[in-house]
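These notes are about the structure you will find just below.
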Amino acid sequence: MDFAAELKRHVASVAHGLDLHLPPATTRPTRLHTAMRYSLEAGGKRLRPVLVLATAELFGHGSSDPLPAAVAIECVHTYSLIHDDLPCMDNDDLRRGRPTAHKQFDEATALLAGDALLTHAFGLLAERYAAQPALAHALIRELADAAGSRRLVGGQMEDLLAEKKADATPDELEFIHLNKTAAMIEAALVLGGLVGGADPRHLATLRRAGRHLGLAFQIIDDILDATADTATLGKTAGKDAQADKTTFVKLYGIEASHRIAAEHTAAALGAFRELPGDPTFLHALVQNMAVRGK
Ligand code: GRG
């Protein structure tokens, strides 16, 4: 398998899907639809939608197209980035190598673009999987759980609360990362599995893989924030240390953080081995992710 070519194929599908499944920028109000596309089309690694497509392929696709589910999760992820960058949250100027949405447009437009992307995701799932109501229901429920107050939004809330304290505990840090980061990665694998027709046992395995993958991803993100530069990251580097934020790096140091990330990566790879189909691409993707922080 040519990993780079496979990744390119999936990323190109995502680009095509985003264009196909989002209202054109010329839709009224054009400022809003332009802002939605501005943040989505800025790129990013497309990790979550690629996980949806690759996981669906692992199970042989079932009878449905995984692309709308891939687009839906990228819409939710992008909304969370737009809102996270707002002055009332992380107050950042740079995202995906471009000015953040509120810098490029204004705060109100950025807020509304995020709101609209979040809502669009669920509309897309309801509409595109309408012919299979049980699948549509399962996809909507999975994404709603992952993006809701107990997971993504809850993780963000605890993250903001933790910033106001001198020290967050390891338990608080784990809650934040399991929900702010791992929930959406877990959901990407589960959405792919659902579209592919995975049985409950395999869905549970995907969930476990996603949890480990999400934690590994976040630890590596913490390491990169401490070690890489802004140009490489496409977002402001060194923000955690500047804010004296509790991160894996602050709690355990760089070396132990690498070790913990490697343990989670190995656990995710182990879980993938329990699944049917050819996991070569998913393995390579996870390994590729793991070396980001090195
Ligand atoms: C506002 C509800 C709400 C949630 C915000 C996404 C987020 C939660 C915060 C951003 C800060 C952060 C470090 C989040 C952890 C998850 C993470 C590393 C997101 C960035 O994901 P990447 O690196 O981004 O996959 P790209 O741009 O490549 O898609």
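The structure presented is a predicted model; accordingly, all values stated were derived computationally and were not measured.
Across all their heavy atoms, H21 and R128 have their closest contact at ND1-NE, 3.7 Å. Taking each heavy atom of L203 and G193 in turn, the nearest pair found is CD2-C, 4.0 Å. When all heavy atoms of A261 and I219 are compared, the pair lying nearest together is CB-CG2, 3.9 Å. Shown here for V195 and S64, the closest heavy-atom pair between the two residues is CG1-O, 3.6 Å. Counting all heavy atoms, side chain and backbone alike, F3 lies closest to A284 at CD1-CB, 3.4 Å. Summarising the geometry of S39 relative to R96, their closest heavy-atom pair is O-NH1, 3.2 Å, with the distance given to 0.1 Å.
In terms of hydrophobic clustering, with Ile, Leu, Val, Met, Phe, Trp and Tyr side chains grouped at heavy-atom distances under 4.5 Å, I223 and L215 are assigned to different clusters. Under the 4.5 Å side-chain contact rule for hydrophobic residues, L139 and F59 share a cluster. Put simply, L118 and V153 are part of the same group of oily side chains (I, L, V, M, F, W, Y) that touch within less than 4.5 Å, one to the next. Transitive grouping of hydrophobic side chains (ILVMFWY, heavy atoms separated by less than 4.5 Å) keeps L86 and M36 in distinct clusters. Clustering ILVMFWY residues whenever any of their side-chain heavy atoms sit less than 4.5 angstrom apart, transitively, puts V14 in a cluster other than the one holding Y38.
With hydrogens and angles ignored, the 3.5 Å screen pairs no side-chain donor or acceptor of H102 with any backbone N or O of L111. With T78 contributing its side chain and L40 its backbone, the two residues share no donor-acceptor pair below 3.5 Å. Proximity of a side-chain donor or acceptor of Y129 to a complementary backbone N or O of L124 within less than 3.5 Å is not detected. In this structure, R37 contributes its side chain and L22 its backbone to a donor-acceptor pair below 3.5 Å. In this structure, E174 contributes its side chain and D171 its backbone to no donor-acceptor pair below 3.5 Å.
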* To do: Show your working on side-chain contact (heavy atoms from CB on, under 4.5 Å) between M157 and L161 and close with a plain yes or no.
  => CA-CA 6 Å; M157 182 80 252; L161 293 171; 4.1 Å; yes
* Asked: Step by step, would you call F272 with T205 a side-chain contact (heavy atoms from CB on, under 4.5 Å)?
  -> CA-CA 8 Å; F272 284 138; T205 304; over 6 Å; no
* **M289 vs L213, side-chain contact (heavy atoms from CB on, under 4.5 Å): CA-CA, chis, key distance, verdict** => CA-CA 9 Å; M289 212 187 82; L213 202 54; 3.8 Å; yes
* Step-by-step side-chain contact (heavy atoms from CB on, under 4.5 Å) determination, F217 to L47 -> CA-CA 10 Å; F217 185 84; L47 174 67; 3.6 Å; yes
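Counting non-hydrogen atoms of other residues, nucleotides and ligands closer than 6.0 Å to CZ of R141 gives a total of 12 or fewer. Residue-environment remark: CZ (R211) stays at or below the threshold of 12 foreign heavy atoms within 6.0 Å. The environment of R150 atom CZ is sparse: at most 12 non-hydrogen atoms of other residues, nucleotides or ligands sit within 6.0 angstrom.
T280 and D278 are linked by a side-chain donor-acceptor pair at a separation below 3.5 angstrom, with hydrogens and angles left out of the test.
The side-chain heavy atoms of T181 and D221, taken from C-beta on, include no pair separated by under 4.5 Å. You'll find the side chain of L143 reaches within 4.5 Å of the side chain of L125, heavy atoms only. Contact check for T169 versus E172: side-chain heavy atoms found under the 4.5 Å cut-off. Residues P66 and T55 have side chains not in contact (no heavy-atom distance under 4.5 Å, counting atoms from C-beta outward). At a threshold of 4.5 Å between non-hydrogen side-chain atoms, the residues F281 and H10 count as touching. Inter-residue side-chain proximity for R151 and M184 is flagged as unmet; no heavy-atom pair is nearer than 4.5 Å. No side-chain heavy atom of T100 sits under 4.5 Å from any side-chain heavy atom of I82. When side chains are defined from C-beta on, L53 counts as touching S13, because their heavy atoms get closer than 4.5 Å.
Remark: I185 CD1 to L206 CG distance equals 13.5 Å, nearest 0.5 Å. To the nearest 0.5 Å, the span separating CD on Q287 from CG on L269 amounts to 5.0 Å. Taken to the nearest 0.5 Å, the OG atom of S80 stands 5.0 Å off from the CG atom of L152. To the nearest 0.5 Å, atoms OG1 (T246) and CD1 (I176) are separated by 8.0 Å. Atom CG of residue L194 and atom CD of residue Q132 lie 11.5 Å apart, to the nearest 0.5 angstrom. Atoms NE2 and CD, from H258 and E255 in turn, are 8.5 Å apart once rounded to the nearest 0.5 Å.
The pair R259-E263 meets the salt-bridge criterion, since a charged nitrogen lies less than 4.0 angstrom from a carboxylate oxygen. R207 has a carboxylate O that lies under 4.0 Å from a charged side-chain N of E142, or vice versa, which qualifies the two as a salt bridge. A salt bridge is absent between R9 and D2: the closest approach of a Lys/Arg side-chain nitrogen to an acidic carboxylate oxygen does not fall below 4.0 angstrom. In this structure, K250 pairs ionically with D167, as a charged nitrogen and a carboxylate oxygen lie closer than 4.0 Å.
Using the six-membered ring where Trp is involved, H264 and H212 have ring planes that are tilted, between 30° and 60° apart. A perpendicular orientation is assigned to the rings of H83 and Y79, their planes being inclined by more than 60° (bins at 30° and 60°).
Screening N179, D90, D84 for a side chain to side chain donor-acceptor pair (under 3.5 Å) involving Q156 leaves a single residue, D84.
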